[in-house]
Amino acid sequence: PLTVQPQVCEIPSAALGCVYDIPLSITVRPGGKVRIDVSSKNLRVVERPRHSISPGETEEALLEYTAGSQGPIQEFVDVLAQFGTVRVPIVGWVDAPQGGPCS
């Protein structure tokens, strides 16, 4: 009933202090309300899907991840709907910046 793409978001090599976009596509088969919860202050919802999604319609959401500390990225986003919850893990690694701009 609730589909979210991608199922896992990978940020292979993030630079400390940089910000990365995480687009999500959300489809609710029976339609209904959708809410997005994030696991920490490193994640921010920039664009939310419409509050109520029509049956079978796909809505886009955009999140930002700020690489706040070195080491593994172990975050997640929960997309909650009336008929279930989908957790999208956000994984990867944060390294110290190599002197260049964020890419």
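All values below come from the heavy atoms of this structure, side chains included, with hydrogens, waters and symmetry mates left out.
Residues C18 and T66 have side chains not in contact (no heavy-atom distance under 4.5 Å, counting atoms from C-beta outward). Side-chain atoms of V88 and V8, non-hydrogen and from C-beta on, never get closer than 4.5 Å to each other. Two residues are said to be in side-chain contact when any heavy atoms from C-beta on lie closer than 4.5 Å; P30 and F83 meet this criterion. In this structure, I11 and I90 have side chains that are in contact, with non-hydrogen atoms separated by less than 4.5 Å. Inter-residue side-chain proximity for V38 and L63 is flagged as met; some heavy-atom pair is nearer than 4.5 Å. Residues D21 and E64 meet the side-chain proximity criterion, which asks for heavy atoms closer than 4.5 Å. At a threshold of 4.5 Å between non-hydrogen side-chain atoms, the residues F76 and S39 count as touching. Between R35 and D37 the shortest side-chain heavy-atom distance falls below 4.5 Å.
Proximity of a side-chain donor or acceptor of S40 to a complementary backbone N or O of N42 within less than 3.5 Å is detected.
Between the side chains of T58 and T27, at least one donor-acceptor pair of N or O atoms lies under 3.5 Å.
A distance of 9.0 Å separates CD of Q74 from CH2 of W93, quoted to the nearest 0.5 Å. Of the inter-residue distances, the one linking C9 atom SG with E75 atom CD reads 11.0 Å to the nearest 0.5 angstrom. Here CD1 of I22 is found 8.5 Å from OH of Y65. Values are rounded to the nearest 0.5 Å. Rounded to the nearest 0.5 Å, atoms CD (E60) and CZ (R48) are 15.5 Å apart. The line from NZ of K33 to NE2 of H51 is 4.0 Å long, rounded to the nearest 0.5 Å. Distance check: L24 CG to I36 CD1 gives 6.5 Å after rounding to the nearest 0.5 Å.
The shortest heavy-atom contact between R87 and D78 is NE-OD1, 2.8 Å. A61 and I26 make their closest contact through CB-CD1, 4.1 Å (heavy atoms, listed as atom of the first residue, atom of the second, distance). In terms of heavy atoms, A81 sits closest to L2 at CB-CD2, 4.0 Å. Across every non-hydrogen atom of V34 and P49, the tightest pair is CG1-CG, 4.2 Å. Contact detail for A14 and Y20: the closest heavy-atom pair is CA-OH, 3.4 Å.
Atom CD of Q70 has more than 12 neighbouring heavy atoms from other residues, nucleotides or ligands inside a 6.0 Å radius.
In this structure, R50 pairs ionically with E57, as a charged nitrogen and a carboxylate oxygen lie closer than 4.0 Å.
Under the 4.5 Å side-chain heavy-atom criterion for grouping Ile, Leu, Val, Met, Phe, Trp and Tyr, L43 is connected to V45 within one hydrophobic cluster.
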